[in-house]
J.: 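Sharing a structure, written as structure tokens. Questions coming.
Per chain, numbering begins at 1; letters A, B, ... match sequence-line order. All values derive from a computational prediction rather than experimental measurement.
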2 protein chains.
Amino acid sequence: MDAKEILKQHIAKTAALTDEQFDYVFSHFKPRSYKKGQVVISEGSRVDHEYFVVSGCLKAFFVNDEIKMYILQFAMPTWWSSDYGALYNQTQATINIDCITDAEVLCLSNDDREKICSELHPVEHFFRWRTNRGYLASQKRLLSFMNNDTRARYEELLALYPQLYNLVPKHLIAAYLGVSRETLSRLYNTHK
Amino acid sequence: MDAKEILKQHIAKTAALTDEQFDYVFSHFKPRSYKKGQVVISEGSRVDHEYFVVSGCLKAFFVNDEIKMYILQFAMPTWWSSDYGALYNQTQATINIDCITDAEVLCLSNDDREKICSELHPVEHFFRWRTNRGYLASQKRLLSFMNNDTRARYEELLALYPQLYNLVPKHLIAAYLGVSRETLSRLYNTHK
DNA sequence: GGCGTTACGTGATGTAAATCACTTTCGAAA
DNA sequence: TTTCGAAAGTGATTTACATCACGTAACGCC
């Protein structure tokens with residue numbers, strides 16, 4: 001299935017667009033390929049686009065004092081990623097995004113998103129729902145952070161994304177869970 | 001300023017509505033008053049509405065094993081609050097909302113929100129932006145949770161809502177920060 | 001007013017996880 | 001294949017915070 005079809009089916013779950021409408025919407029997306037390790041957004045830079053992942057896996061992360069890294073999101077196929085704070089407010093990026101694996105994405109500029117949202121009501125509807133899902137996921141993760149200990153969060157993560165365990169290095173999983181790599185290592189070796 | 005005017009100005013920041021359009025939108029909101037301590041949403045119940053706070057302060061919280069409480073949000077005037085997971089998915093509430101002080105709110109049902117969103121494109125636009133702001137705030141809080149220690153988060157909270165310190169009991173602030181009330185007490189008494 | 005409930009302060013103790021230091025394994029490039 | 005750097009495992013030590021235990025102050029309420 002090609003990028004266009006993947007995006008089409010993704011949007012169709014939330015908004016009913018005619019083929020002509022979708023073609024018009026799609027014309028605002030720019031396909032792009034990245035190699036493993038390539039940087040998509042780096043802290044301090046200007047942010048113009050958001051990214052729809054077609055294949056591969058990105059990570060969005062924050063680096064504190066150039067020492068500790070915290071992963072905000074692993075972006076898998078059909079996920080969207082960007083520094084939305086910087087994108088919406090037209091400020092410098094405060095987070096980084098790069099590629100854990102080779103990846104194909106579809107790029108949509110902030111201006112084009114606002115343009116197609118204002119031109120087509122169903123597109124605005126789609127983006128409202130997409131944002132809403134992101135909000136709910138973020139709330140859930142926050143709650144999990146407060147409520148669960150590290151082991152529970154680790155198991156929750158693997159239950160949610162079984163692929164992740166083999167796909168990404170363990171120190172990145174630790175950075176997502178917000179614990180040191182040593183603690184994570186001890187956690188799943190002291191099994192049970 | 002009355003409830004209607006407060007909502008009008010709140011929406012006007014994001015979406016341009018004519019007076020007639022706003023009157024129509026407003027006709028879907030039901031004003032309601034609550035007393036301090038009154039329950040708005042309780043875990044396990046059905047959730048039909050979201051709430052726009054006109055005056056007073058609500059708290060949205062989760063209770064773990066009927067022991068520990070975690071506060072997801074203090075809802076101040078012009079904030080929106082609900083169990084959005086339950087509201088959007090039509091499932092039982094997993095969180096609670098009650099009133100820290102006497103409060104006036106405007107209630108909007110899930111059905112009515114979807115109705116006015118589909119009828120008026122600018123309203124859909126407004127709700128997309130409102131959700132987006134919530135998403136960004138949630139991401140920011142998550143990052144703060146991972147990155148900052150308790151003292152830094154405490155100072156961040158007070159910088160963001162100076163009123164809160166005198167308005168809400170300290171054990172609720174502790175529940176927001178995700179620490180025990182004892183730790184919070186020691187934190188701000190061991191000043192500096 | 002007295003009385004009970006809830007909020008808040010503070011010491012003693014236990015514990016999960018950070019940190020530091022070192023070793024081992026793995027994977028890619030020469 | 002050898003080599004080198006990154007990733008991962010592991011022990012010792014430190015630390016921030018939870019928990020337990022108790023005391024005091026503040027407030028609704030009959």
J.: For nucleotides 24-30 of chain D, just jot down a letter per nucleotide in 5' to 3' order: B, S or -, based on protein non-hydrogen atoms under 4.0 Å.
T.: -------
J.: Is there any salt bridge (Lys or Arg N to Asp or Glu O under 4.0 Å) pair reaching into residues 122-139 of chain A, and which pairs are they, with sequence neighbours excluded?
T.: A:E50-A:R130, A:E124-B:R128, A:R128-B:E114, A:R128-B:E124
J.: When you check the phosphate oxygens OP1 and OP2 of D:dA8, does a side-chain N or O of A:Y188 lie under 4.0 Å from one of them?
T.: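 Looking at the OP1 and OP2 atoms of D:dA8, neither is under 4.0 Å from any side-chain N or O of A:Y188.
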J.: How bent is the helix from C:dG1-D:dC30 to C:dA30-D:dT1, measuring the angle between the end axes built from five pairs each, rounded to 10°?
T.: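 One end axis against the other gives 40°.
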J.: Of all nucleotides in DNA chain C that come within under 4.0 Å of a heavy atom of chain B, which is furthest toward the 5' end and which toward the 3' end?
T.: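 With heavy atoms of chain B under 4.0 Å away, the range is C:dA7 to C:dA12.
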J.: If you count every heavy atom of other residues, nucleotides or ligands that lies below 6.0 Å from B:K115 atom NZ, does the total exceed 12?
T.: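 Yes.
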J.: Would you give me the side-chain donor-acceptor pairs under 3.5 Å for residues 71-80 of chain B, sequence neighbours excluded?
T.:
{"residue": "B:Q73", "atom": "OE1", "partner": "B:S81", "partner atom": "OG", "Å": "2.8"}
{"residue": "B:Q73", "atom": "NE2", "partner": "B:W80", "partner atom": "O", "Å": "3.0"}
{"residue": "B:W80", "atom": "NE1", "partner": "B:H10", "partner atom": "NE2", "Å": "3.0"}

J.: Return the orientation label for the A:Y70 and A:F62 ring planes: parallel under 30°, perpendicular over 60°, tilted otherwise.
T.: parallel
J.: Can you classify the ring geometry of A:H28 versus A:Y24 as parallel (below 30°), tilted (30 to 60°) or perpendicular (above 60°)?
T.: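 Perpendicular: the ring planes of A:H28 and A:Y24 meet at over 60°.
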J.: For A:D23, check side chain to side chain donor-acceptor pair (under 3.5 Å) against everything at least two apart and list the hits.
T.: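 Result, side chain to side chain donor-acceptor pair (under 3.5 Å) vs A:D23: A:K4.
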J.: Holding to side chain to side chain donor-acceptor pair (under 3.5 Å), I want the full list of residues that pass it with A:Q9, two or more places apart in sequence or in another chain.
T.: A:E5
J.: Could you list all N or O pairs between the protein and nucleotides 11-21 of chain D that sit under 3.5 Å apart?
T.:
{"residue": "D:dG11", "atom": "N7", "partner": "A:R186", "partner atom": "NH1", "Å": "2.9"}
{"residue": "D:dG11", "atom": "O6", "partner": "A:R186", "partner atom": "NH2", "Å": "3.4"}
{"residue": "D:dC17", "atom": "OP1", "partner": "B:T150", "partner atom": "OG1", "Å": "2.9"}
{"residue": "D:dA18", "atom": "OP1", "partner": "B:S180", "partner atom": "N", "Å": "3.1"}
{"residue": "D:dA18", "atom": "OP2", "partner": "B:S180", "partner atom": "N", "Å": "3.1"}
{"residue": "D:dA18", "atom": "OP2", "partner": "B:S180", "partner atom": "OG", "Å": "2.8"}
{"residue": "D:dA18", "atom": "OP2", "partner": "B:T183", "partner atom": "OG1", "Å": "2.4"}
{"residue": "D:dT19", "atom": "OP1", "partner": "B:K68", "partner atom": "NZ", "Å": "3.3"}
{"residue": "D:dT19", "atom": "O4", "partner": "B:R186", "partner atom": "NH2", "Å": "2.9"}
{"residue": "D:dC20", "atom": "N4", "partner": "B:E182", "partner atom": "OE2", "Å": "3.3"}

J.: Is any NZ, NE, NH1 or NH2 atom of the basic residue among B:R151 and B:E155 found under 4.0 Å from an Asp or Glu carboxylate oxygen of the other?
T.: yes
J.: Can you list, by residue number, the residues of residues 167-176 of chain A that have a non-hydrogen atom closer than 4.0 angstrom to DNA chain D?
T.: A:P169, A:K170, A:H171
J.: Apply side chain to side chain donor-acceptor pair (under 3.5 Å) to A:E156 and list each qualifying residue two or more places apart in sequence or on a separate chain.
T.: A:S144
J.: Not counting sequence neighbours, list each pair that qualifies as a salt bridge (Lys or Arg N to Asp or Glu O under 4.0 Å) and has a residue in residues 71-83 of chain B.
T.: none
J.: Report yes if some heavy atom in the side chain of A:R32 is under 4.5 Å from a heavy atom in the side chain of A:L106; otherwise report no.
T.: no
J.: Return yes when atom NZ of B:K140 has more than 12 non-hydrogen atoms of other residues, nucleotides or ligands closer than 6.0 Å, and no otherwise.
T.: no
J.: Quick one: do A:M146 and A:L177 end up in the same hydrophobic cluster if we chain Ile, Leu, Val, Met, Phe, Trp and Tyr together by side-chain heavy atoms under 4.5 Å apart?
T.: no
J.: Sequence neighbours left out, what pairs pass salt bridge (Lys or Arg N to Asp or Glu O under 4.0 Å) with at least one residue falling in residues 85-112 of chain A?
T.: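 As it turns out, the salt bridge (Lys or Arg N to Asp or Glu O under 4.0 Å) pairs with a partner in residues 85-112 of chain A, which skip direct neighbours, are A:K35-A:D102, A:K59-A:D98.
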J.: Between B:N110 and B:R113, is there a side-chain donor-acceptor contact under 3.5 Å, judged purely by atom types and distance?
T.: yes
